[in-house]
Structures are given as C-alpha cells and as structure tokens.
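Right, one structure below, let's go through it.
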There are 2 protein chains.
Amino acid sequence: MTNAFLLRLMEAGDLGDQELSALDDLCRSSRDVAAKKYLWREGDEMAAFPVILSGWAARYQILRNGARQITRLLLPGDAFYFEGSPDGFAVEEVITLSPCRIATIQRGDMRRLIERFPAVGEALRNYGCMENAVLSSWVVNVGRRDALERMAHLICETHFRLSQVDPQLGQQMPFPLTQDDLADVLGLTPVHINRKLQQLRQDGLIVLRSKQLTIHDLRSLQQIAGFDSAYLAPRRQVPRQRPNAAAA
Amino acid sequence: MTNAFLLRLMEAGDLGDQELSALDDLCRSSRDVAAKKYLWREGDEMAAFPVILSGWAARYQILRNGARQITRLLLPGDAFYFEGSPDGFAVEEVITLSPCRIATIQRGDMRRLIERFPAVGEALRNYGCMENAVLSSWVVNVGRRDALERMAHLICETHFRLSQVDPQLGQQMPFPLTQDDLADVLGLTPVHINRKLQQLRQDGLIVLRSKQLTIHDLRSLQQIAGFDSAYLAPRRQVPRQRPNAAAA
DNA sequence: CGGAACATTGACGATAATCAAAGCGAGTGG
DNA sequence: CCACTCGCTTTGATTATCGTCAATGTTCCG
C-alpha cells in the first residue's frame, strides 16, 4: 500500500486502515500516459476525477495572446477536479510533463465512500486546503519575488512535496520541466529562466541535467527563496513557531 | 434568509431548505469588526472558521524584506480556514479592509452538520474548488498579464463575485482598497497602480472615488482583461462554449 | 487647525522582455 | 552508421515595463 495518493491524504487527515484500503480499491484501475499528452482539455467530459500515481503533470491556462501560465504542478499523489457538478470550474487544461500512471476514480464511488467514512470527506477538504495553500504561495512567488527567488522557491517546494510521498528521496529528484515549462510556471521568459538557471549552477547550488535535478545546497536555496515548508505540512510541524522575524 | 454565505454555498452545491436553515443557524452569532483590524494573525488559535457576512477582508503574506502580497480577497459570503487540524496550513494573516460583520462557526458544529447532511460537505468541497479557481486565475493574472490587464481583471472579478451575492448590484460597487492594497493584490508598486488607474479613468472606463467604484464600460474592461466568468460560476453557465478562440 | 493617511507627479534606474542567431543532443530514417 | 531534423538550450544586443526615490498635493478626521 504505497499509493502516493493515500500518502497525500494521510498528510491531510486521520485515516484508519478501513478507509485506506477502501480508497486503495478505488485506485485499482490505472493507466499509463506518455509525456506531453493532454489529460484533459476544455470541452472534454469529466465524469470522474483522476489521481496521479506517478509522474508529473500540469494545469495551465492559455491567454488570448497565446501566453501560457501553468497554475499547478501535479505531482505523484495529486488529484484534480473534485467538483461534483459536471460543468465544473474547469476552465483549465491539463497536460502530462512526464510519463504518468493515472488512476481514475468515479465520482459516484467517491461520494459513496465519503458517506460511509466521513473522515475521507474531511481529508479531501483538507487536501483542498493544502492545494489552496500551494496556490497562495504561487501568487506570492510570482507577485513579490524576483526571478532567482522564484526559481529557488519552486525547487524547494517540489523537492519537499516529492519527499512527502517518497521518504527515500535524497539530493536527487526527477525534474521533467523544460526551460519553457519553467518559464510558464514562474511567469518569466525562457531566456530569462536560462540565465538564472546558470546562476544557480555557477553558484554550485544545483545541477540540472537530462531531467534530473541534484540539489547541492538546499540551505542556500531555502535562504534565497525564503522557503518555509509549514504551509505544506500542517500536522508535521512540531510546535508552531512564532514569527519572531529576525529577518536577514 | 439573505445570508451571503448561504448564497455562496448555493452556488457550489444543491442544498435543500433543511440544509440551508441548519447552516443559517450556525451563522446566528456574529460580530462587527472595524476596518484594518486583524481577524487573525500567525500564532493565534483557530478553533473555528469565520465567515464574512458583509464587508471586505484580505489574506496576505509578508516576506522577509517586508513586501506584502495579498493572496485572496474575502468578500461577503467567503469563509476561510476549513482545515480540521488546529495547526493547519495557516501561514497567512487576515485583515479587514472595511468594516465587516463576521460569523464564527465552531468546527465541531460544522462537522456534525456535514455528517447529517452530506450535501453540505459536498458544497464545501466545491466551494473550496471555486477558491482554487480564483487563486489559479490570480496566478495567471500576476504571472502573465501586464499592469493594466491585471487591474481590469481584478475589477471584473470582484464585480462578478459581488453580484453573485447581491443580485441588485449595478454599475456601482464598494471598493475599499487603497492604492497600496491594490499594489499588494496585483504584485505591483503603488506608484504604478496610480498611473494605470489614471489611464482607466482617462479612458472613461471607471470612476473610483471615496471607496466607491463605478464601472462605466464593463465590456471594455472585460476585453482588456480577457475576463470570462466561467471559472466563478460552474452551474450558471448555460451550454459550455468551446474555446473557438477567435482571439483579438 | 493640525496631522496622518492616501494620492499624485517627476526623474532616473533596473529587472526582465524581445529579437535573433547559433549551438547542442537525441532520436529517426535513409 | 551517418546525416538530418527537431526540440531544447545558450548567447548577445537592444528595449520597455515597472520599480525606486523623493517631493508635493489632497482628503479625511479628531
């Protein structure tokens, strides 16, 4: 039972063995999807909600002028499109960034499960809150940090979120984003991304080659980014630390 | 029963009279809060979740360098801090932007209500999805739109969200944000906000005076912003329109 | 009346965008 | 097996949007 989705939900709520194995059952049927394939595009039916068991995907919007903004990275364990209404809030499209394994849970199944185990419903609500927290932090990132800080923050965030569902994760991690993708995540241009990436490399903080990212100095990255994992890990935090901002 | 929170939840899910009146009961006890008061700051207890019955508030983060980014505007009917875990994802602080009337619902009461009426739980999950959609659109806004477009989009969004809980809303609406607040919403500087506001005024699109905003040309604003209300109103949309992007 | 918060204006600077071209690397097909 | 191509990365030169700094106006409120 090493299902990434279960691990994420366990972060979000207190689930017993019964709940977990029932959820696991719902993830039984899964399929493989290649990289750069649409998981969903505007106009498609969406009668179920997909869960990413492995691989990376992205939600994004395209503006009239053709600009793209990625609004969310979907990492292993992430789910999307909870809404009950078929014509939901889904203005966005989804594409895989790497080969993915995807489970598709039928809405009806999930609804029944929640009625049987209210704790699952609560975990899902909390999971939604965590998503909100990530989105908020992206708004902050794009709104108030410069290019280097944004990159550092993104790296810290993805590393942490990956480590939540893969405790063995060390310095090295998959990082399937191209520089164009990175630009569309961080609200910058590919050219600028390239230059700032080089800066991080030259400073010896990271190595990024053939979609593998090696973090050589996590401390410095967190320092640059002002990264604090609190928003991603509600119950893991030991004592809540007061701000006490002795800022650098 | 003109409670703004109920109106928002009715947007999000199918609630019957029973559910609605039970929810209404939970909002009974409410209090008035003046403008520019902290509703919540890091370190505070948060054993309940507040609901805004009237007035505006904002969630924000402060960075080490003192920069502030507002991550969410809380309009009438909005709730915050759903998380069940007391040490939740609450890295952010909340402040009122105008005098507010706030109801405080006890977590336990809400949990019991959801167990009795699963539809309420679903509505809350959907409401969380709508929050997600708003946050996504903010990421897009700050990431890929220039100053003028951002302002226009924010105006369209707030006007629409306000109209959802106040059907009588016309051209004119409350707009309690100072230019500093606006800057912190849009990821810009107050000086720049000022200049772009003047541009909107000179083009005859809006009038903004003493915290009242009058929209003289909503069409043009939407045009500038590339605004489409779909992401805010799931079930109201008549037929889902295909992209068919004959972009300007 | 006085003061504080907020709005406006101008001059200058910097981060990031744009444009364009060249290099690199991996997979494909001849 | 090699040439070719396509996607991706790198580099340089120039531009522009937006930020910074600083001063002056204005409105509101006790």
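Every chain is numbered from 1 and lettered A, B, ... according to where its sequence line falls, protein lines coming before strand lines. Being a predicted model, the structure only gives us computed values, none of them experimental.
- Within residues 146-157 of chain A, the residues that place at least one heavy atom under 4.0 Å from DNA chain C are, in residue-number order, D146(A), A147(A).
- The CG atom of L186(B) sits 15 Å away from the C1' atom of dT17(D) (whole-angstrom rounding).
- Annotation: of the two residues near DNA chain C, Q198(B) and K211(B), the 5′-most nearest-nucleotide partner is K211(B).
- Heavy-atom contacts of chain A under 4.0 Å fall on DNA chain C between two terminal nucleotides, which in 5' to 3' order are dA16(C) to dC19(C).
- By the 4.0 Å N-to-carboxylate-O rule, D181(B) lies close enough to R68(B) to be salt-bridged with it.
- Atom pair D184(A):CG and dC8(D):C1' shows a separation of 14 Å (rounding to whole Å applied).
- To the nearest angstrom, C1' of dT10(D) lies 5 Å from CG of N194(A).
- Rounded to whole Å, atom P of dT11(D) lies 15 Å from atom CD1 of I193(A).
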Shorter than 3.5 Å, N or O on both sides, protein versus nucleotides 21-30 of chain D: list them out with atom names.
none

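- Among the heavy atoms of the strands lying under 4.0 Å from L188(B) are primed sugar atoms or P, OP1, OP2 only; no base atom is included.
- Across the protein-nucleic acid pair, N65(A) atom CG and dT17(D) atom P stand 14 Å apart, rounded to whole Å.
- Between Q171(A) atom CD and D217(A) atom CG the span is 9.5 Å, to the nearest 0.5 Å.
- A straight line from CG of D180(A) to P of dG7(D) spans 12 Å, rounded to a whole angstrom.
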Pair Q69(A), N141(B) - check side chain to side chain contact (heavy atoms under 4.5 Å, CB included), show working. CA-CA 9 Å; Q69(A) 175 70 46; N141(B) 216 22; over 6 Å; no

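- Between the side chain of N3(A) and the backbone N or O of F5(A), at least one donor-acceptor pair lies under 3.5 Å.
- Among the protein residues, T189(A) comes within range of the nucleic acid bases, having at least one heavy atom under 4.0 Å from a base atom.
- By the 30° and 60° cut-offs, the orientation of the rings of H153(B) relative to Y231(B) is parallel.
- Atom NZ of K36(B) is surrounded by more than 12 heavy atoms from other residues, nucleotides or ligands within 6.0 Å.
- Here the shortest heavy-atom pairing between L97(B) and A58(B) reads CD1-CB, 3.8 Å.
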Check step by step if side chain to side chain contact (heavy atoms under 4.5 Å, CB included) holds for T158(B) and L213(B). CA-CA 11 Å; T158(B) 48; L213(B) 177 69; 5.6 Å; no

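- Look at R72(B) and D78(B) and you find no salt bridge, because none of the NZ, NE, NH1 or NH2 atoms lies under 4.0 Å from a carboxylate O.
- At the heavy-atom level, R144(B) lies nowhere under 4.0 Å from the strands shown.
- Closest approach of R8(B) and R161(B) over heavy atoms only: NH2-O, 3.2 Å.
- F175(A) is listed as a side-chain neighbour of W56(A), based on a closest heavy-atom distance under 4.5 Å.
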